[in-house]
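What follows is a short report on a single structure.
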Amino acid sequence: MKALILVGGFGTRLRPLTLSVPKPLVDFANKPMILHQIEALKAIGVNEVVLAINYQPEVMLNFLKEFEAKLGIKITCSQETEPLGTAGPLALARDKLVDDSGEPFFVLNSDVISEYPLKEMIAFHKTHGGEASIMVTKVDEPSKYGVVVMDETTGQVEKFVEKPKLFVGNKINAGIYLLNPSVLDRIELRPTSIEKEVFPNIAAAKKLYAMVLPGFWMDIGQPRDYISGLTLYLDSLRKNSPSKLASGPHIVGNVIVHETADIGEGCLIGPDVAIGPGCVVESGVRLSRCTVMRGVRIKKHSCISSSIIGWHSTVGQWARVENMTILGEDVHVCDEVYSNGGVVLPHKEIKSNIVKPEIVM
């Protein structure tokens, strides 16, 4: 089987992290976002992944080369010269996706994090015999999204309603699809949307089916959702593989700590924290709801909550970093400095307080 991952654009919503690497390579729970998906695909027997990309393909491919060998999966790129939306890239990658087997292929949005029940999706797809299957997930506020209206028993999709004013349902497209090769005949090579053009056509032909995603789901393409996604992901680890979580007197709730990280005396860490490789957390530090990426040093008695600390940054002694502060790569927060929602671009030194959320160039 094959799979296409829609990597797409510039990752502007996750700047300043995406100023250092393309968005799919930003770490989430101690490994690049896209690796969560590639590993899940490999686990159910996908042997070739095509990345649909229009930005920095060399960086992506060079990085993924080592994983190609490690995971034993072929990873190739299909590069757009102009942005082709969410369906155009499928037409562009047609020759890479279709072979004589006639097998269906997966399509995934690179921002989506979930438990990836791909095996169940294959079984669902075979049972209904339609042309395409999509995953849907239940949300509390459907008015913010495009809602999928479907038959609850068969899963057949009736229609899509974009940002409904009146309640029509609470299931939205989760960005994970399984498509027969015939779907490609419905897509022209031009900028086009799979959600707004292709799927409604398949639904009108009564050949589109939706499966409700078990477990959690989150689009982690922006900082607030990235932190919420980490909470859900760690919660899912607690249920499915608790041995991956850290434990000890200094740990509260769900925390992952890379084996090469060093944590000092008298810290209190958690809930919902990821500490990456090579990090040094000095004594008396308090961390909650945050991600600390590779090579970061957090000095004594500092306190970090609801924030993302980018690669190789330093947080000084007695500093306080909170309220969706995002430090880009190699940012140095001086001792006793307070950051309230500062978004700091790479290679900066912060010597004075950031008292209200702002971007620091």
Side-chain angles (χ1 to χ4, degrees), residues 3-9 11 13-14 23-24 28 33-34 36-37 40 52 85-87 89-90 106-118 120-122 124-125 128 130-179 183 186-187 192-233 235-236:
L4 178 92
I5 300 179
L6 294 165
V7 172
R13 296 178 305 163
L14 265 188
K23 183 169 59 177
F28 176 81
M33 284 185 194
I34 200 164
H36 291 274
Q37 300 186 326
T86 51
L90 276 74
F106 282 101
V107 177
L108 287 84
N109 283 351
S110 68
D111 295 357
V112 166
I113 195 90
S114 74
E115 286 172 10
Y116 307 115
L118 305 177
E120 295 82 336
M121 196 174 189
I122 295 171
F124 172 75
H125 187 75
H128 68 63
E131 210 172 328
S133 301
I134 65 174
M135 284 278 190
V136 293
T137 183
K138 292 179 184 171
V139 288
D140 296 335
E141 273 186 64
S143 60
K144 293 198 303 198
Y145 303 93
V147 171
V148 180
V149 182
M150 57 187 268
D151 181 311
E152 294 297 327
T153 44
T154 62
Q156 190 175 64
V157 175
E158 290 162 32
K159 59 179 178 178
F160 294 82
V161 183
E162 197 54 45
K163 297 188 175 153
K165 296 276 182 286
L166 297 169
F167 184 85
V168 289
N170 64 347
K171 297 182 187 69
I172 64 162
N173 176 351
I176 301 171
Y177 320 129
L178 185 55
L179 312 177
V183 170
R186 299 175 178 270
I187 304 172
T192 163
S193 160
I194 199 163
E195 300 87 354
K196 297 191 173 115
E197 296 178 59
V198 181
F199 286 157
N201 289 342
I202 305 176
K206 302 206 178 325
K207 290 182 176 173
L208 181 65
Y209 289 80
M211 171 181 159
V212 180
L213 181 75
F216 78 98
W217 176 88
M218 187 52 84
D219 177 330
I220 53 175
Q222 52 192 348
R224 204 167 287 280
D225 297 337
Y226 175 104
I227 295 285
S228 306
L230 182 64
T231 301
L232 294 169
Y233 174 84
D235 203 38
S236 153

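This one's a predicted model, so the numbers in the text were calculated from it and none came from an experiment.
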Point to revise | Min side-chain heavy-atom separation Phe106-Ile122 under 4.5 Å | key: yes
Check your understanding: Is there a donor-acceptor pair closer than 3.5 Å between any side-chain N or O of Asp219 and the backbone N or O of Gly221?
Key -> yes
Exercise for review: Determine whether Glu115 and Pro214 make a side-chain contact, defined as any pair of heavy atoms from C-beta on separated by less than 4.5 Å.
Suggested key: no
Check your understanding: Nearest 0.5 Å, what's the CG-NZ distance between Asp151 and Lys206?
Key -> 10.5 Å
Practice item. State the CE-CZ distance between Met218 and Arg224, to the nearest 0.5 angstrom. Key: 11.5 Å
Check your understanding: Can you tell if the side chain of Val157 reaches within under 4.5 Å of the side chain of Phe199, non-hydrogen atoms only?
Key -> no
Check your understanding: Do Ile176 and Leu118 come close enough that some side-chain heavy atom pair is under 4.5 Å?
Key -> yes
Study note, to complete from the structure: Between Trp217 and Ala174, the two heavy atoms sitting closest are NE1-O, 2.9 Å
Practice item. Supply the atom-to-atom distance Leu178 CG to His125 NE2, rounded to the nearest 0.5 angstrom. Key: 4.5 Å
Practice item. Working to the nearest 0.5 Å, report the span between CD1 of Ile220 and CG of Asp225. Key: 9.5 Å
Point to revise | CG-CD distance between Leu213 and Glu120, expressed to the nearest 0.5 angstrom | key: 9.5 Å
Review point. Side chains of Asn170 and Val147: does their closest heavy-atom pair fall under 4.5 Å?
Key: no
Exercise for review: Measure up the His128 and Tyr209 rings against each other and bin them: parallel (under 30°), tilted (30 to 60°), perpendicular (over 60°).
Suggested key: parallel
Point to revise | Exercise: identify the closest heavy-atom pair between Ile187 and Ala87 | key: CG2-O, 3.5 Å
Practice item. May I ask you to test the Leu14-Pro223 pair for a side-chain heavy-atom distance under 4.5 Å? Key: yes
Point to revise | Flag side-chain contact, heavy atom, 4.5 Å: Val148 against Phe160 | key: yes
Review point. With no hydrogens and no angle check, do the side chains of Gln37 and Ser110 hold a donor and an acceptor under 3.5 Å apart?
Key: no
Study note, to complete from the structure: Of Thr192, Asn201, Ile194, Leu179, the one forming a side chain to side chain contact (heavy atoms under 4.5 Å, CB included) with Arg186 is Asn201
Practice item. Starting from the C-alpha separation in whole Å, work towards a yes-or-no answer on side chain to side chain contact (heavy atoms under 4.5 Å, CB included) for Val183 and Tyr177. Key: CA-CA 11 Å; Val183 170; Tyr177 320 129; over 6 Å; no
**Study point:** Gap separating the CD1 atom of Ile113 from the CZ atom of Phe28, nearest 0.5 angstrom
**Key:** 4.5 Å
**Study point:** Note, Met135 side chain near Phe124 side chain (heavy atom, < 4.5 Å)
**Key:** no
Check your understanding: Parallel, tilted or perpendicular: which describes the rings of Tyr233 and His36, with under 30° parallel and over 60° perpendicular?
Key -> perpendicular
